[in-house]
Amino acid sequence: FSTELARLVQNENCGLKVDTENHAQLAEVIEFLINNPKITDEMGRRGKDAFLKRHNWENEVRPLIDFMTRN
């Protein structure tokens with residue numbers, strides 16, 4: 001969807017990058033996720049942890065709003 005989101009997913013190791021326009025690649029990734037529930041669960045836990053600790057309203061947006069309202 002975006003290079004920023006792809007970078008976040010890669011850095012947090014919380015998902016797989018896939019070209020959603022490439023149906024064969026998308027099918028392969030879906031099949032991989034179905035056949036590897038442990039890996040899928042681990043990625044989900046890492047994604048939730050990343051959101052709760054780093055990529056949330058307070059850490060991402062609040063500082064920007066504070067900065068904008070100070071000036």
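Only this structure's heavy atoms are used, side chains among them; waters, hydrogens and symmetry mates stay out. In this chain, residues are counted from 1 in sequence order.
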Rounded to the nearest 0.5 Å, what separation is found between the [atom1] atom of [X] and the [atom2] atom of [Y]?
{"X": "L5", "Y": "K17", "atom1": "CG", "atom2": "NZ", "value": "10.5 Å"}
{"X": "L33", "Y": "D41", "atom1": "CG", "atom2": "CG", "value": "10.5 Å"}
{"X": "T3", "Y": "Q10", "atom1": "OG1", "atom2": "CD", "value": "11.5 Å"}
{"X": "N13", "Y": "L8", "atom1": "CG", "atom2": "CG", "value": "11.5 Å"}

Quick check on the hydrophobic clustering: are F51 and M43 connected, directly or via other members, by side-chain heavy-atom contacts under 4.5 Å? no
When you group the ILVMFWY residues by side-chain heavy-atom contacts below 4.5 Å and let the links chain together, are F32 and I34 in the same group? yes
Of all heavy-atom pairs between [X] and [Y], which one has the smallest distance, and what is that distance?
{"X": "Q25", "Y": "D19", "value": "OE1-N, 2.9 Å"}
{"X": "V9", "Y": "L16", "value": "CG1-N, 4.0 Å"}
{"X": "T20", "Y": "H23", "value": "O-CD2, 4.0 Å"}

With salt bridge (charged side-chain N to carboxylate O under 4.0 Å, His left out) as the test, pick out the partner of E12 among K48, R7, R45, R54. R54
Whether N59 side chain and H55 backbone form a donor-acceptor pair below 3.5 Å: no
Minimum side-chain heavy-atom gap R62-I65 below 4.5 Å: yes
